[in-house]
There are 2 protein chains.
Amino acid sequence: MNSELEKAHDYFIETAGRLSKSMGLNEIAGQLYALLYLSPEPISLNEMVGKLKISKASASVNIRALEGWGAAKKIWVKGNRRDHYIADRDVWKIASNRLKVGLERRISEANGAVGQVEKMLKDSEKKFNDENKKLARTYMERIKTVRKMSERLEKLLKLLPTDLLE
Amino acid sequence: MNSELEKAHDYFIETAGRLSKSMGLNEIAGQLYALLYLSPEPISLNEMVGKLKISKASASVNIRALEGWGAAKKIWVKGNRRDHYIADRDVWKIASNRLKVGLERRISEANGAVGQVEKMLKDSEKKFNDENKKLARTYMERIKTVRKMSERLEKLLKLLPTDLLE
DNA sequence: ATATTTGTTCACTTTGTTCTGAACGAATTA
DNA sequence: TAATTCGTTCAGAACAAAGTGAACAAATAT
């Protein structure tokens with residue numbers, strides 16, 4: 001194997017891993033994806049283990065994560081009983097979808113909690129003494145602002161695919 | 001202190017911490033911001049320590065991170081020599097800016113590396129034998145696609161503030 | 001039937017991050 | 001001037017996340 005070529009290959013993969021990690025995804029998942037992305041041929045679990053110098057366990061777990069995200073898919077290779085994988089090379093689609101899904105989940109969780117806080121404040125409003133009533137008003141008002149914003153964000157996310165990602 | 005009120009208050013802060021953490025920021029930073037966000041009064045380091053049950057060290061480090069992001073600012077309180085802080089309550093501005101800056105840094109790093117890989121391939125192109133020449137072509141083509149995409153993303157990020165964040 | 005190959009799962013270790021307590025210097029008060 | 005109050009820094013403890021090896025079950029080959 002030409003070592004210059006291999007160096008470039010490996011550096012690309014390393015970079016993908018770093019990026020993946022810094023984006024809150026798994027480093028090995030990023031490396032695996034880059035490996036598949038570059039390869040003209042489908043790749044087996046064992047080859048992943050060999051090329052990335054990782055354990056079979058990691059390869060197994062992470063390739064299935066990629067599968068789950070629609071970033072890789074299993075493919076049948078004639079006369080070979082090992083699982084082979086290829087990348088869906090539409091990086092943009094995959095990355096933006098990851099981002100979108102991740103944001104949506106977080107926002108919706110936060111929204112749920114914020115809604116609960118609002119409910120708590122409303123429900124016990126009558127029990128507050130004057131001092132606390134004033135404070136509760138401040139809280140309500142400010143929390144409402146937050147909820148408004150996050151609703152706005154949710155809408156924005158729903159909008160994203162058609163406007164920006166096609 | 002009315003305990004219902006306090007519960008709502010604390011739950012809001014807890015939620016902010018969780019969200020902050022899940023977004024790759026620091027949990028305490030999120031809690032601190034939420035604390036300041038709700039408070040009608042400026043808050044001192046010691047009060048943060050007391051209300052969030054954290055160490056002075058954490059409070060100090062994280063409040064300055066918030067300051068650096070423009071999410072909190074120091075304020076002078078008459079007759080008190082402690083530092084007091086208030087939140088900039090424009091959550092949208094702060095959050096979107098964080099997101100933007102974070103993405104920009106990562107993308108630009110990745111871009112640098114990808115550019116280098118392209119250079120490596122080009123530079124050593126002549127030395128490849130036929131087999132590798134073909135492989136190198138595949139790499140180049142695919143990596144170029146990635147670069148195009150990330151350039152697109154960079155542009156999109158530059159565009160963001162005016163279009164979406166007004 | 002037995003042996004081998006293959007991918008998955010899980011308990012454990014390793015690695016990296018975050019938080020804290022203690023020590024410190026600067027500023028303020030007595 | 002000495003004592004106290006503050007905020008910062010830093011080494012190390014506590015914690016969380018990720019990767020590994022070994023055991024396993026399923027499929028295939030001998």
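Note on naming: letters A, B, ... go to the chains in the order of the sequence lines (proteins, then strands), and numbering restarts at 1 for each one.
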Residues [X], [Y]: salt bridge by 4.0 Å N-O rule:
X	Y	answer
E14(A)	R18(A)	yes
R137(A)	E141(A)	no
D88(B)	K93(B)	yes
K133(A)	E125(A)	no

Query raised in the report: Counting only heavy atoms not in E131(B), do more than 12 sit closer than 6.0 Å to its CD atom?
Result: no

Query raised in the report: Is the CG atom of D130(B) crowded by more than 12 outside heavy atoms at less than 6.0 Å?
Result: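 Incorrect, the count does not exceed 12.
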
Starting from [atom2] on [N], measure out to [atom1] on [X] and report it in whole angstrom.
X	N	atom1	atom2	answer
R18(A)	dG16(C)	CZ	C1'	16 Å
L32(B)	dC19(C)	CG	P	10 Å
I63(A)	dG19(D)	CD1	C1'	16 Å
R82(B)	dA27(C)	CZ	P	18 Å
R64(A)	dC10(C)	CZ	P	11 Å
L25(B)	dT18(C)	CG	C1'	14 Å
E47(A)	dT5(C)	CD	P	17 Å
K74(B)	dC6(D)	NZ	P	14 Å

Side chain of [X]: nearest nucleotide among [options]?
X	options	answer
S58(A)	dG7(C), dT20(C), dT20(D)	dT20(D)
S55(A)	dG7(D), dT9(D), dG19(D)	dG19(D)
L45(A)	dG7(D), dG19(D), dT8(C)	dT8(C)
I28(A)	dG7(D), dT9(C), dT20(D)	dT20(D)
N62(A)	dG19(D), dT9(C), dT6(C)	dG19(D)

Provide a list of protein-nucleic acid N or O atom pairs under 3.5 angstrom, restricted to nucleotides 22-26 of chain D.
none

Query raised in the report: Between K21(A) and Y85(A), which is nearer to the 5' end of DNA chain C once each is assigned its nearest nucleotide?
Result: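 With Y85(A) and K21(A) compared, the 5'-side residue is Y85(A).
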
**Report entry** Check: E151(A)/N111(A) side-chain N/O donor and acceptor closer than 3.5 Å
**Finding:**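 N111(A) and E151(A) do not have a side-chain donor-acceptor pair below 3.5 Å.
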
Query raised in the report: Does N26(B) put a side-chain nitrogen or oxygen below 4.0 Å from OP1 or OP2 of dC19(C)?
Result: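 Yes, within the criterion.
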
Requested in this report: Using a cut-off of strictly less than 4.0 Å, decide whether S60(A) has a side-chain nitrogen or oxygen near OP1 or OP2 of dT8(C).
Outcome: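 For dT8(C), OP1 or OP2 has a side-chain N or O of S60(A) closer than 4.0 Å.
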
